[in-house]
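One structure below.
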Amino acid sequence: MAGGFSFRRLGAMIRKEFIQMRRDRLTFAMMLGVPVMQLVLFGYAINADPRHLATALFAQDHSAFTRSLVAGIENSTYFDVVAKPETAAEADRLLRNGTVQFAIEIPPNFTRDLERGARPQILLDADATDPSATGHAVTGLQLLAATVFDRDLAGPLTQLKQGPPPVGLVIHRRYNAEGRSQINIVPGLLGVILTMTMIIFTALAMTREVERGTMENLLTMPVRPLEVMVGKILPYIAVGYIQTAVILAAAYWLFSVPMTGNLWLLSAVLLVFVAANLAVGFTFSTLARNQLQAVQMTIFFFLPSILLSGFMFPFRGMPGWAQWIGEVLPITHFLRIVRGILLKGNGFEEIMLDFAAMTAFLLAVSLVALNRYRQTLD
Amino acid sequence: MTAPLAIDVRGLTKSFGGTKVVDGFDMQVARGDIYGFLGPNGSGKTTTIRLLCGLLTPDSGAGTCLGYDVLSESEKIKREVGYMTQRFSLYEDLSIRENLEFVASIYGIRRARRTVGETLEKLNLADRAHQLAGTLSGGWKQRLALAAAIMHKPKLLLLDEPTAGVDPKARREFWNEIHDLAAEGLTVLVSTHYMDEAERCHKICYLAYGKLLARGTVEEVIEQSGLCKLKAAPTLEDVFVHLMRDVTDNFAIKKAG
């Protein structure tokens, strides 16, 4: 009788599960691979206190004082001066297209005003779309401004050390003045949700054909690989656009995310981004032997996509190798584009490079997918 | 395109992981014949059928199927061959009609709606046209699969154990259908384990361990076996049991040597 709990039956169940686990090599590898990947990413790649942030220095005055100031800024380790624009417009452009996180402006007559005790003001323009990326650096600069000239203020200027700091610091938190994290996260979610759903939809749609045996029938019929691939992908592009509409509506009405830029431009970019993810899903489906493996591969791709793309943690805070991986992922570029368009009002010129990178990714992965798709059962 | 033979292949060989599943296989099937393909499980029947319709590429060997080269013209072969897989391979979450309309569109059949309608009538599927394929019983699934395989008016029909798991009445109806199709000029290659089905074929061949053991009409195969001398009125089944005994003996000798 199968009445009570039987350890013998339990043992049989457990043994069977272990045998099946061992047979499915990929699943087994994933069981080890995913934790290792998480350890590496969380342990080494993520840094909540980003330093060495790209900075543009727009200096309109040159003297021993400004040299001390620049040296002090760089020694703080928060700022790496990577560009020295000649005009305010140029500095603004660098900030908008994301080349730099900060633009520091030293006004004309800075040295004269300083020596007169007129407390000249340094302007710090911060790209504050991601408040967590800029917070520490801004605080660091505030401390610096108070003490950086201590050594230079010798002789008759010593008196300037008393009282308020000899220079003032004006901080502009651009694109997200109130430092609301939703403004950064909600547009980012668009990229994350599309990555997750688009990849998994296609990966499963193809693997299902193999698993249910319908692939054999499909291969017997005169249908071309490109027709299969595009036919599988197009319906999900429509799904992707519906998801986007829902997320953007929620972003606008529920989270008051500004929609500064051109939404048609965003729609155009979206097409390439969605197609890139679907191509990844299609590639996975040619590798996976069953739907479970397809899901696992998706997770394997999804983890770096949320951790290394600048969605959760500041992109520039990561070490070089992690940024390099991040640059390969389409979501990294999409996040820059979507935040740029919605928050900064960027046009095509500013997003061009990221758009090109995404397109290159799409082409490369499509080639792999088409190459992997077999027209026979060999 | 009036090659006298529907299938003409020589020396077909295919290995999987070092095991020769099909080994130097020759086959000639005349147009309009119903050709029975027999042999124990794992004898290479399914692999041979897949080689013929271009689903697998042979390691060596050559030949033609409907006058097209099996190595280089598999796209052309696909258009003129109807293949019914051993396992049901249409979409279970589509209805009968939706499945047929999908297949009709893939083959680029003109006036697809009408062709689908005619096919539904022909195979008595019209009453169930809106039923999901997944909810059909074995016999009806097999009818649907046959409908999908003949809709584009193929010249050659490859049937891989089409009647496995189907009740006797449905089996008989299915074979009547096959004979009707052959009468219209279609060539049929059908693999089966049932001796009564083998006896309804114009010609048969018997395959074991990737090698051909016998071929010809049913009478010829019985005659060739030499079993008539040992036993009165031997049946086809007797012949195959006899043939298999020889093969297993040979294998045992090889292993011992």
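The chains referred to below are lettered A, B, ... by the order of the sequence lines, with proteins before strands, and numbering in each begins at 1. What you see is a predicted model, and the numbers here were worked out from it, not measured in a lab.
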Task: Distance, nearest 0.5 Å, that separates CG of L90(B) from CD of E216(A) - done: 11.0 Å
Open item on the list: If you count every heavy atom of other residues, nucleotides or ligands that lies below 6.0 Å from R79(B) atom CZ, does the total exceed 12?
Closed with: no
- [ ] Take atom NZ of K155(B) as the centre, draw a 6.0 Å sphere, and report whether it contains more than 12 heavy atoms from other residues, nucleotides or ligands.
- [x] no
Task: Which atoms of F102(B) approach chain A - backbone, side chain, both or neither, heavy atom under 4.5 Å - done: side chain
Task: Over 12 non-hydrogen atoms of neighbours within 6.0 angstrom of NZ in K232(A) - done: yes
Task: Residues in ring pair (Phe, Tyr, Trp, His ring centres under 6.0 Å) contact with Y236(A), at least two apart in sequence or another chain - done: F201(A)
Task: Side-chain ion pair, R212(A) and D93(B), N-O less than 4.0 Å - done: yes
Task: Side chain, backbone, both or neither of E227(A) within contact of chain B (heavy atoms, under 4.5 Å) - done: neither
Open item on the list: Would you say that Y91(B) contacts L218(A) through its side chain, given a criterion of any heavy-atom pair below 4.5 Å between the two side chains?
Closed with: yes
Open item on the list: Check this for me: M312(A), atom CE, are more than 12 non-hydrogen atoms of other residues, nucleotides or ligands nearer than 6.0 Å?
Closed with: no
Task: Heavy-atom pair of closest approach, residues S89(B) and G213(A) - done: CB-O, 3.1 Å
Task: Euclidean distance, M84(B) CE relative to T220(A) OG1, rounded to 0.5 Å - done: 12.5 Å
Open item on the list: To the nearest 0.5 Å, what is the distance between CG on N217(A) and CZ on R87(B)?
Closed with: 12.0 Å
Open item on the list: How long is the straight-line distance from SG of C53(B) back to CE of M221(A), given to the nearest 0.5 Å?
Closed with: 12.5 Å
TODO: Determine yes or no for a side-chain-to-main-chain donor-acceptor pair under 3.5 angstrom, with K78(B) supplying the side chain and V223(A) the backbone.
DONE: no
Task: Which portion of V103(B) sits near chain A, non-hydrogen atoms under 4.5 angstrom - done: both
